[in-house]
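Convention: sequence-line order gives letters A, B, ...; per-chain numbering from 1.
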Protein chains: 2
Amino acid sequence: MGTREQIVDAANRLFYEQGYEPTSFASIAEVVGISRGNFYYHFRTKDEILEAVIQARLASTREMLACWHEGAASPLERVRRFVEIVISNREDIENYGCPVGTLTNELAKLDHPLRAQAVGVFEIFRNWLREQFEALGRSADADDLALHVLTFSQGVATLLNAFGDRDYVQREVNRLNAWLTEQFSDTSHVASRGP
Amino acid sequence: MGTREQIVDAANRLFYEQGYEPTSFASIAEVVGISRGNFYYHFRTKDEILEAVIQARLASTREMLACWHEGAASPLERVRRFVEIVISNREDIENYGCPVGTLTNELAKLDHPLRAQAVGVFEIFRNWLREQFEALGRSADADDLALHVLTFSQGVATLLNAFGDRDYVQREVNRLNAWLTEQFSDTSHVASRGP
DNA sequence: GTCTATAGCTGGATAGAC
DNA sequence: GTCTATCCAGCTATAGAC
């Protein structure tokens, strides 16, 4: 892996774990194992690193969703798979929150020019969810349903980060799965209630 | 208003708008109109200001909820009033997100010792909501319902901050109000659908 | 209580040797 | 491409005059 790629990888992780502003060149350089000066051969400013990190996240998100298309059978199962993210990524979310929501908010507070690009990751999820609901025959309110599922994921991520309560997460996942079942009269999945 | 109180007020606002880490003593001093040096008569460290800010938020939250008890008639109306916060605070949320969720997450990423105290604001809302649901006869799952309403508020706040879409907020508020109606067979409120 | 002055450090960013 | 050395601005925090 090239140095530039290593820098983007390390920055991606550190921006998530510590936040963009508190992450210094020194800490990224330490992880990668290069000197601070060497940075400026690959990136001229800190913002350029952020832009590369966002581009990497956009690409990996698209890739992940494309993978799901090959893996999961029906649109409804794909949506359920998205819902399960809060469980499969439980530990990271407990410690650092959602990578998408926390970055967009930090950039909002900083009034950062790359804020809109960071929101792009949300838009990828939103459009992908909308497509699933359209495939389920709900073209009229597909975007509304997509935003509702995103609302769930952001709410759960924030409260999991605050309280660290796994049972709560499972209850909310069950609740949303029950809602999905209700919306589409799906009998292939039975949401188990209670912890 | 005393200088110390003015400092806490200004810090409270700036920590919300810019975040804790990016807010410098200089910017707080500029707002209050005092010199940087004068700070250290009132607070020894930046963390001490944060602690005072959190204490102030705990107090003002308790005060607000106490006010609602006098104002709103029924427990259900009080819950609906909480739900409406995302509308009445729309502009701030659009620009800076939820003051509670964004601070707890920032402190989580910083691994800050005051993280638990900041979560205390969430706990006040959680306990208060739980009490309302208990008063509505749902003592068995009152805490679960309380967390669900909190999940809604955090999800909506994060996505309103990202997308800035007011119609989306109204749709989600309508959806949660319909859910409340369904839960308690309430006929005093009719959720209007659509924009 | 409030000020000025300043210490001591760390941040992002640059210059130039190799 | 990578390094060391360095600049300068900004930060938290302190000392001491008023």
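Outside the 6.0 Å centre-distance limit, the rings of Y168(A) and F163(A) are not counted as a close aromatic pair. Between F25(B) and F43(B), the gap from one ring centroid to the other reaches at least 6.0 Å.
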Determine, stepwise, if the pair E131(A) / N127(A) fulfils side-chain hydrogen bond (donor to acceptor under 3.5 Å, both in side chains).
CA-CA 6 Å; E131(A) 284 164 23; N127(A) 292 335; over 6 Å; no
Just do the side chain to side chain contact (heavy atoms under 4.5 Å, CB included) check on E94(A) and R166(A) with the steps written out, would you?
CA-CA 9 Å; E94(A) 230 177 285; R166(A) 303 178 194 182; 4.2 Å; yes
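R81(A) has no carboxylate O lying under 4.0 Å from a charged side-chain N of E77(A), or vice versa, which leaves the two without a salt bridge. Between E134(A) and R130(A), at least one side-chain nitrogen of the basic residue sits less than 4.0 Å from a carboxylate oxygen of the acidic one, meeting the salt-bridge criterion. Of the charged side-chain nitrogens involved, at least one lies within less than 4.0 Å of a carboxylate oxygen, so that R13(A) and E17(A) count as a salt-bridged pair. In summary, R175(B) and D144(A) engage in a salt bridge, as defined by a charged side-chain N under 4.0 Å from a carboxylate O.
The side-chain tip of R44(A) does not point at the ring of F39(A) from less than 6.0 angstrom away and within 45° of straight on.
Nucleotides of DNA chain D with any atom under 4.0 Å from a heavy atom of chain B span, from 5' to 3', dC11(D) to dT14(D).
Rounded to 10°, the angle separating the first-five-pair axis and the last-five-pair axis of the helix from dG1(C)-dC18(D) to dC18(C)-dG1(D) equals 0°.
Taken residue by residue, residues 27-46 of chain B places heavy atoms nearer than 4.0 Å to DNA chain C at I34(B), S35(B), G37(B), N38(B), Y41(B), H42(B). Near-neighbour residues of DNA chain D inside residues 14-21 of chain A, defined by a heavy atom below 4.0 Å, are absent.
More than 12 heavy atoms of other shown residues, nucleotides or ligands fall within 6.0 angstrom of atom CD in Q55(B).
With I87(B) as the fixed residue, the side-chain contact (heavy atoms from CB on, under 4.5 Å) test singles out one of V156(B), I93(B), V173(B): V173(B).
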Filtered N/O pairs between nucleotides 7-9 of chain C and protein, under 3.5 Å:
none

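For the side chain to side chain donor-acceptor pair (under 3.5 Å) test, no residue two or more places apart in sequence or in another chain qualifies with D165(A).
Taking every heavy atom of both residues into account, V32(B) and A10(B) meet most closely at CG2-CB, 3.7 Å. Nearest heavy atom pair, residue A108(B) against residue N95(A), reads CB-O, 3.8 Å.
Under the 3.5 Å distance criterion, with hydrogens and angles disregarded, a donor-acceptor pair is assigned to the side chains of Y20(A) and D47(A).
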